[in-house]
Each structure stands twice: as structure tokens, then as C-alpha cells.
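Remarks on the structure that follows.
Just so it is clear: chains get the letters A, B, ... in the order the sequence lines come, proteins before strands, and each one is counted from 1.
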Amino acid sequence: MSLTADEVNKIAHLARLGIDKQDVAAYANDLSGMLDLMTRMSEVNTDDVEPMAHPMDQAQRLRVDKVTELNHREAFQAIAPQVEAGLYLVPKVIE
Amino acid sequence: MHNKTLAELSLGLQAKTYSSVELTQLFLDRINQHQQLNAYITVTPELAMAQAKVADQRLANGTADLLTGIPIAQKDIFCTQDVMTTCGSKMLANFSAPYNATVVDKFNQAGAIMLGKLNMDEFAMGSSNETSYFGAVRNPWNLNSVPGGSSGGSAAAVSARLAACATGTDTGGSIRQPAALCGITGLKPTYGRVSRYGMIAYASSLDQGGPMTRNAEDAAIVLQTMAGFDEKDSTSVDVPVPDYRAGLNKSLAGLKIGLPKEFFGEGLDENVAATLATAFDEYRRLGAEIIDITMPNLKLAIPAYYVIAPAECSANLSRFDGVRYGYRCENPVDLTDLYTRSRGEGFGKEVKRRILMGTYALSTGYYDAYYLKAQKIRRLISEDFKTALASVDVIMGPVTPSTAFGIGEKIDDPIAMYLSDIYTIAINLAGVPAMSIPAGFVAGMPVGLQLIGDYFSEDRLLNIAHQYQQVTDWHNFIPTGFE
């Protein structure tokens, strides 16, 4: 199976991932190679096999519903690219 | 002094033969002397010396642990408060974590000294350490060869004696493969055995941290500190931690070793195969019985892994958006441009390749064909391990198809790079523990032997590795120039 440059650009957009124009063909080639590798999975019939998401097959652990985390807003915002008045700044979204 | 094992150094510290300050200075000097390896991304001499002074007090007042005063280094994937945590990426080149990983806290409580943060493939995606934003790491056994990856800095540092031990993480072989290629001992514990809190996620259902050390006894000591239930990690497993050193000296008489025929077929270098054959003879002499087994679904591990790991990576790495932390592009025109360019400029090629693959596999119309199919294959692989481990005590095989390859040799051929993980990936899919131990050399380069056990059988694996290391010397060889 092979992917086209258009498909690569579409996937990159879904991932909000900028890729250089001159690299698109190489990504298309690499991803196609990976997909070829994956076609081997179809050699095995898995109709009655239960999918496995987690090695331990365990349910999500629950905890008591009480506050455990303290407020670390200042520490967290100290490492942000741009903040003002306790808020994270991004380019204007609403005109 | 630097050639002593961690266990020996611990005895020396407790006997006051040398102080932690002296030992720490020695390792800091060695790091300085051997910068050509590029094993460290960040060295923390002030922090290390301050910790060493505290450790010496603990050693003096009798409150020392086995790791108190021992100079160690952390893979730069573990978050460290007030020390840079880059994960080998431009995306986090300026990132100082607001908290410590649980593993880091545990080493701190034990009184270990942190020398610095070790180089790695970007976001742990790679098998050669060449995808690091901070440059390739060199293999101490041959400076033109890769150390393996993604924990390449960790393996090189322990092999070259630039730290008494190191941490690593293993998603598809990232502890075992570099351990094998650099001639050290590496242990990937059972999934859930070591807390992932503060360990930057690549593929959450596969990632597991573990020790990278000179020998099995050291791995037992280090795992003792790293292992244990952690409420802060929702996939941490609440199983008691045994005393890992207590069982090291058990006899191997009657041990049943399974050799899956799928591990010894086409693709395995014949010199590596011959080296492993001598290791199996050694185990026979120790009283073990070698049994041929078959694990028919192992061949599907690579395709399943390269669906599941990229799928989880595409979700995990969506958090790097240029808003809350990490790299942000200059002058974004709108929000989409901010996300797209920050991620486009902050991530390297291999990371992008895997994000694209994962996004595709999870996108509408392809989920069943790729992700669901891969999860079903994962079940089949896991059942192969269960079946095999019901009839044998341990599975053995190669870690890598060949010894370390050259820097630059595979970096432009991602598929060839992926295929080099053929013997390690299935273990992560199943979640069982596995080790790599030094088993000899081919043309001067180390060969690793892989030991794979049942869930939570780390104590047994360490025992099996330790007994081999009592009758062999491969783990004591030192690369030329680093004696």
C-alpha cells in the first residue's frame, strides 16, 4: 500500500504537524514502507481474538474522591512560553 | 575505583575507604575527560557535590542505604525539578520540570548522587541514539559505532564508567538493545513494576523504566530502589517487591530454558548465534536443561508494534502544543499556525514519522484495519509467551541480530532500523520482564544474551543472570581507553 503526497499532507494537518514541503515525498515513501510491513498482520485470522490494550488486562484503578493536588499554577506558568495575569496567551481566536 | 561495581563501591563508602565527595569528583572528572562520547546532555556538578556532602553525613551517622553516596545518572526522560529535562528534543531544550519523577524521588531518598542527565533518542524513538537533537552518542567499544537506543547515553555512560549505574526506559527494546551493544547489564521490568510518573510518555502501554548496570547484582540493588507501587501512576501494579538480592545465589540445577526457533532463524548473524551457543553450554554446565520451543506469532511483533506505539505516541505527543511549556514558534499568525509550526519546528524527523503513522492508523476508516488488528495480534503474542512460560522457566535468545552498526549506517532507512528491534519488541507487547547480559564479543564488539521471564519474575531473572556472571567474565571487560 502506498500513500500519496496529498494524503501525507492531510494526515499532517490532522496532527497539527508542520512538515517541510521538500520532505513530503520522503514521508510518503517511509509511511508506505511501514504500511507494507503492517500488511503482514493480515496473514493471521483474528476474528475471535479479544483485543489487548494493556499488558495486565486490569481495570482502571479508582481512588477516593478527595483533593490531593495543591495549586501549582505559578510553578506551571513559570515554564510557559507566554502568560499574562495567570492566563496562557495564544494568538487571537475570536475576531 | 571507577572500575568497581556499584555493590563494591557501596562497601567502600560504608567502610570509609573513600568518601562520596571523592567518588563523585572522580566520576565528574571522567565525564569531563570523555566528552567525545556525548553521553550526557546535562551535567550537574554543583548539585552532585551538594548531594555527596549530605550522603557523607548519612554514611557517618549510620543512616545510609546501599545507594547512599553512589554517583548515578538519569536518562533525560525522567523529570527532574530545577534541572533541564529535554527528552533529547528541541521541543524541550528549555524545559525545566516543575516536579520530580517518582523514580528520581526514590533515588534522592536513597541518597544517590545525580551526576547529570543522559543523552537519548528524541522522545525515546530510535534504536541508535542518532535521533537526539543533542547529537549522536558514540559506542565506547568503537567510536564510529552507535551505542544503540533509545537509552544510548545510559549504556555508553555505564560501559565507559562515567556513572556507577544509570536509568533507562524500554518501550520496544530501549534498555536491552543498548545494553547489549555496549556490553552492560540492562533490565526491563514487568510493565507496571516501576512507576511511570514523571517519565515522559512515548507509548504508555509499553513504556517501562529499569536499571542499566555493570552486572546483575547491581541491577538487583538498583531495581530494589526503583520498583514499587505508586498511586501517582494509574497503571502501576500493587504487587509486593521481593528482596532482589536474596535469591541471587540459588542454584540453577533443573532450570528449564526455552529457545524459540523463531529467534534463531534467518537474519541472525552467525557469529552472534555461535556466541550465544557457548552461553547455552555454560548454562548446561550450571545444571540447566535446554528445550526447543516455538512461538509462532513472534513474527508479527514488529508490524503490531509499529501500529500500537505510533498510535499511542501520536496521542501522547499532542500535549506539546507550544502553549503550556516547551518550544514555541516565532510570531504565530493564528492558533493553527502556532500549533503546526511549534510542533513542526520542535520535533525531529523520526518523531514526526511516528506521529504521522499513528495519526493515520487512528484516523476514521482505518482504525479497525490497523489499531484494532494490532491489538488482537498483541493478544496472540502475549498468549505465545504464556504458553511458552508454562513449560519453561525462562526464554533465552539474542537481543540484536548483529553487534553495533556504524553511525550513519541505518539512519536514512527507517524500516531497516525498525527491523533491528526484532528480538526485543514482542516482550513489551506482552509486558513480561526481560534482561540483556554480556555474553561475549564478535570482532571486539559486545554481544548480549536475552533472558525473558514470566510476569513479576525479576528476582528469578536476576538469579539466572547472576549465576552466569559467577562463571563468566564478559561483564567485567572494559573498553580500551576507558580503563
Side-chain angles (χ1 to χ4, degrees), chain A residues 3 7-8 10-20 23 26-31 33-58 60-63 68-69 72 74-83 88-93, chain B residues 95-96 98 190-192 205 231 234-235 237 297 299-300 302-304 306-307 314 318 321-328 332-341 343-345 347 349 352-353 355-357 359-360 363 370 372-380 382 414-415 418 429-432:
Chain A
L3 286 182
E7 284 170 308
V8 170
K10 192 181 149 213
I11 302 163
H13 174 69
L14 288 174
R16 300 293 183 272
L17 184 66
I19 51 175
D20 292 335
D23 292 337
Y27 283 122
N29 184 55
D30 295 344
L31 295 179
M34 290 172 84
L35 290 172
D36 282 343
L37 208 61
M38 287 161 199
T39 54
R40 266 198 254 157
M41 292 195 300
S42 57
E43 288 169 16
V44 177
N45 183 307
T46 52
D47 288 350
D48 300 322
V49 179
E50 193 67 20
M52 175 173 160
H54 185 277
M56 297 296 146
D57 269 337
Q58 62 180 15
Q60 185 75 37
R61 196 175 66 244
L62 299 177
R63 64 169 175 84
T68 54
E69 283 297 309
H72 297 297
E74 279 175 25
F76 293 161
Q77 294 208 327
I79 53 171
Q82 216 182 347
V83 287
Y88 293 94
L89 294 194
V90 295
K92 200 169 175 182
V93 178
Chain B
F95 178 66
S96 174
T190 307
Y191 181 83
S205 78
E231 275 191 354
S234 66
T235 58
V237 181
N297 295 300
K299 62 179 186 296
L300 300 170
I302 285 189
Y306 279 100
V307 175
S314 72
S318 64
D321 57 4
V323 176
R324 290 159 302 160
Y325 44 79
Y327 178 82
R328 171 180 241 177
V333 295
D334 58 26
L335 195 55
T336 302
D337 185 45
L338 167 68
Y339 293 150
T340 306
R341 270 202 299 128
R343 291 162 61 76
E345 293 166 17
F347 291 135
K349 265 194 184 156
K352 288 186 189 174
R353 205 176 275 132
I355 291 175
L356 291 171
M357 188 65 244
T359 304
Y360 180 73
S363 62
Y370 294 110
L372 196 65
K373 180 79 183 181
Q375 285 194 319
K376 290 179 169 191
I377 302 277
R378 184 174 189 178
R379 170 84 56 198
L380 294 177
S382 169
I415 306 290
Y418 300 162
L429 290 169
V432 292

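Options B/F95, B/Y418, B/Y327 differ in how many heavy-atom pairs under 4.5 Å they form with chain A, and the most are formed by B/Y418. Note on B/V323, B/V432, B/I355: by heavy-atom pairs under 4.5 Å with chain A, the leading option is B/V323. Residue with the most contacts toward chain A among B/T235, B/T336, B/T190: B/T235 (heavy-atom pairs, distance under 4.5 Å). Taking B/A304, B/G344, B/G431 one by one and counting their heavy-atom pairs under 4.5 Å with chain A, the maximum is reached by B/G344. Highest contact tally toward chain A, considering only B/S314, B/S363, B/A374, is held by B/A374 [criterion: heavy-atom pairs under 4.5 Å]. Listed options A/V93, A/V83, A/L89, A/V90 were ranked by heavy-atom pairs under 4.5 angstrom with chain B; first place goes to A/V90.
Looking at B/V307 and A/M41, their side chains come closer than 4.5 Å, going by heavy atoms from C-beta outward. Annotation: side chain of B/R378 is in contact with side chain of A/P55 (closest heavy-atom distance under 4.5 Å). No side-chain heavy atom of A/D20 sits under 4.5 Å from any side-chain heavy atom of B/E345. Using a 4.5 Å cut-off on side-chain heavy atoms (C-beta onward), B/M357 and A/L35 make contact. With contacts defined as side-chain heavy-atom distances shorter than 4.5 Å, the pair B/P98/A/I79 qualifies.
Residue B/K349 places its NZ atom among 12 or fewer non-hydrogen atoms of other residues, nucleotides or ligands, all under 6.0 Å distant. The neighbour count for A/H72 NE2, taken as heavy atoms of other residues, nucleotides or ligands under 6.0 Å away, is above 12.
Among all heavy-atom pairs drawn from B/G322 and A/P81, the shortest one is O-CG, 3.5 Å. Nearest heavy-atom pair across A/P91 and B/L338 is CD-CD2, 3.7 Å.
Residue A/D36 does not touch chain B at all, counting heavy-atom pairs closer than 4.5 Å. With a 4.5 Å cut-off on non-hydrogen atoms, A/E43 touches chain B through its side chain but not through its backbone. Only the side chain of B/P414 comes within contact range of chain A, with heavy atoms under 4.5 Å apart. Only the backbone of A/D47 comes within less than 4.5 Å of a heavy atom of chain B; no side-chain atom from C-beta onward does. For chain B, the nearby parts of A/V44 are the backbone and the side chain; heavy atoms of each come within less than 4.5 Å. With a 4.5 Å cut-off on non-hydrogen atoms, A/F76 touches chain B through its backbone and its side chain both. When heavy atoms are compared at a cutoff of 4.5 Å, B/L335 approaches chain A by way of both its backbone and its side chain.
With hydrogens and angles disregarded, a donor-acceptor distance shorter than 3.5 Å links the side chain of A/R61 to the backbone of B/E231. Remark: the backbone N or O of A/V49 is not paired with any side-chain donor or acceptor of B/R379 at under 3.5 angstrom. The backbone N or O of A/A15 sits less than 3.5 Å from a side-chain atom of B/R343, completing a donor-acceptor pair.
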Practice item. Quick one: do B/L380 and A/M52 satisfy side chain to side chain contact (heavy atoms under 4.5 Å, CB included)? Show the steps, please. Key: CA-CA 9 Å; B/L380 294 177; A/M52 175 173 160; over 6 Å; no
**Study point:** Audit row: A/L3, B/Y360, side chain to side chain contact (heavy atoms under 4.5 Å, CB included) steps and yes/no
**Key:** CA-CA 10 Å; A/L3 286 182; B/Y360 180 73; 3.8 Å; yes
**Study point:** Worked verdict on B/K373 versus A/S42 for side-chain hydrogen bond (donor to acceptor under 3.5 Å, both in side chains)
**Key:** CA-CA 8 Å; B/K373 180 79 183 181; A/S42 57; over 6 Å; no
Check your understanding: side chain to side chain contact (heavy atoms under 4.5 Å, CB included) between B/Q375 and A/E50: does it pass, once the steps are laid out?
Key -> CA-CA 8 Å; B/Q375 285 194 319; A/E50 193 67 20; over 6 Å; no
Practice item. Given side chain to side chain contact (heavy atoms under 4.5 Å, CB included), test B/Y306 with A/M38 step by step and report yes or no. Key: CA-CA 8 Å; B/Y306 279 100; A/M38 287 161 199; 4.1 Å; yes
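Taken to the nearest 0.5 Å, the CD atom of A/E7 stands 12.5 Å off from the CG atom of B/L356. The distance from atom CD1 of B/I415 to atom CG of A/D30, rounded to the nearest 0.5 Å, is 7.0 Å. Of the inter-residue distances, the one linking A/H54 atom NE2 with B/Y191 atom OH reads 4.0 Å to the nearest 0.5 angstrom. From A/I19, atom CD1 reaches atom CZ of B/R353 across 11.5 Å, with rounding to the nearest 0.5 Å. The CE atom of A/M56 sits 11.0 Å away from atom OG of B/S205, with the distance rounded to the nearest 0.5 Å. Atoms CZ and CG, on A/R16 and B/D337 in that order, are 12.0 Å from each other to the nearest 0.5 Å.
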